Protein chains: 2
Amino acid sequence: MKSVFEDASMPKKTVLVVDDEPAIRDMLTMVLEAASFVVLEVENARLAHAAIIDRRPDIVLLDWMMPGTTGLELLRRLKRDPLTKNVPIIMLTAKAEEGGKVAGLDSGADDYVSKPFSPRELVARIKAVLRRISEDEVKEIIEAGSLRFDPISHLVTIAGEEITLGPTEYRLLHFFLKHQNRVFSRDQILDFVWGANVYLDERTIDVHIRRLRKSIAVAGCDQYVQTVRGAGYRFSIR
Amino acid sequence: MKSVFEDASMPKKTVLVVDDEPAIRDMLTMVLEAASFVVLEVENARLAHAAIIDRRPDIVLLDWMMPGTTGLELLRRLKRDPLTKNVPIIMLTAKAEEGGKVAGLDSGADDYVSKPFSPRELVARIKAVLRRISEDEVKEIIEAGSLRFDPISHLVTIAGEEITLGPTEYRLLHFFLKHQNRVFSRDQILDFVWGANVYLDERTIDVHIRRLRKSIAVAGCDQYVQTVRGAGYRFSIR
DNA sequence: AGATTGATGACAAAATTATGACATTTTTCT
DNA sequence: AGAAAAATGTCATAATTTTGTCATCAATCT
């Protein structure tokens, strides 16, 4: 499966690079432009905030360590502002410090890449985040058997009957519906539904699977959520 | 910049170094071990072939210029043999000759590094190849007779009917399907399906063979799993 | 026939998944 | 803001499956 971003007909995505060191900005710009992104550079948090509102980048690469307002501070500010809180952000950190990692993700970063990183890895992460985001933007009704999923009205029905789902179960079901007839390991499910770098006990997935099954256990729809021993779970109407 | 990937939790990858010059082998070994690879060394093509089958390295570094069978020749041979053709290979060449480069890649090398190279570059290339390989690993639908094996949905069907397999039988069948019409000793099967350095009673293989046969005993598919007395087992639809 | 090698059924231990309960955290409502 | 309700992540425990070995029987070879 080729990445959607390699499609020349597709408008290029814009990345905002926020880093105080010109050398690093240059490096990132080179890498990202080679990967067909449009790159914007700013050197501090204030300019970053302005650029995000002004230029509406598709994603922001934010350096953790910056003089003045730190990346973390900016991250929090951005996530608080309704105008900017939907812009995906990838944090760049010098070291994989556990503390920083957790703090950053808790504050809403979509992913986290520690320096030094390989260009290939960075680009892959960016694309992964963008893919996740753009997938969520697809609002089309999905039907599977007697189950009907309507992302627009945020309504799930089985044989006409409305079903109530918690936020997580809703996302989980949406994910499954978008990728039917395919096994996913718990790891993958975690990545896609919860987001990268979320550390949860693998067993927690089981619990959510159970909750989802319970919720859609009407007309036997819970059978669509299938356990594949030793591999993970699969959604299939057969 | 420091080394990029240092994940102690990952099982170490094994690199086979094929080069006739001891000095170069030593150098490579040092570099690779520093990067947490397990290194195997051999000095010629014949030994290389044996080592690949025997030790199953995750990747091979192959010198272009060698007395006797050249690297290119070995590369072609490896890519022709179904048993070895999936092992990723990086060619090492003395100079970046355009011609050689093209020939090597055309013959199936996964990447190409020209000497002299920086240790960091070499390690980066190796990791890049390993990542690429593991990403698009074996998710191809395989059909044999009325049997259909779909790794994507993790589904095995015979004449349309779904078959249930335990994890081990599933892997065993997958292995057989990828290497049809070829006898494997129990030792080899153990290595391929259970993984190297796993000690199990040889008779256990028999039991799993039987379980696999029983599971696919629909439309006579169990006959595909053939006993080769004194040698091992073979999967063949004839 | 005697010796080897493979096939099978039975088991108990090990591994994996399902579930119900609970403490917290987040959201919603008043 | 404060109370009430909903949602979440973890556990401990139960329910299922899977797996490695054995003991025994069958087939093949010398």
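Computed from a predicted structure; not experimentally measured. Throughout, protein chains are lettered first and strands after them, A, B, ... in sequence-line order, and every chain is numbered starting at 1.
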Would you say a side-chain N or O of [X] is under 4.0 Å from OP1 or OP2 of [N]?
| X | N | value |
| --- | --- | --- |
| B:Y233 | C:dT5 | no |
| A:R210 | C:dG20 | yes |
| B:Y170 | D:dT17 | no |
| B:T168 | D:dT18 | no |

The side chain of A:H208 lies closest to which of these nucleotides: C:dT17, D:dG9, D:dG20? D:dG9

Side chain of A:E169 only, heavy atoms from C-beta on: which candidate in C:dA7, D:dG9, D:dT8 is closest? D:dT8

B:R213 near the nucleic acid: base, sugar-phosphate alone, or nothing, with a heavy-atom cut-off under 4.0 Å? sugar-phosphate

Atom pairs under 3.5 Å: protein N/O with N/O of nucleotides 22-29 of chain C:
none

Take atom CD1 of A:I205 and atom P of D:dA7, then tell me their distance rounded to the nearest Å. 18 Å

Assess the pair A:F149 and A:Y170: is the distance between their ring centroids shorter than 6.0 Å?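 Centroid separation for A:F149 and A:Y170: below 6.0 Å.
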
Contacts of B:T227 and A:T227 projected onto DNA chain C by closest heavy atom; the upstream (5') one is B:T227

Does the protein touch nucleotides 25-30 of chain D at the base, only the backbone, or not at all? Give it as B, S and - per nucleotide, heavy atoms under 4.0 Å. --BBS-

Which heavy atom in B:L32 sits nearest to a heavy atom in B:V15, and how many Å separate them?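 It is CD1-CG1, 3.8 Å.
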
Count the heavy atoms of every other residue, nucleotide or ligand shown that sit under 6.0 Å from CD of A:E202, and state whether that count exceeds 12. yes

Residue pair A:R213, A:Y224: steps toward the side-chain hydrogen bond (donor to acceptor under 3.5 Å, both in side chains) verdict: CA-CA 9 Å; A:R213 278 177 177 154; A:Y224 297 167; over 6 Å; no

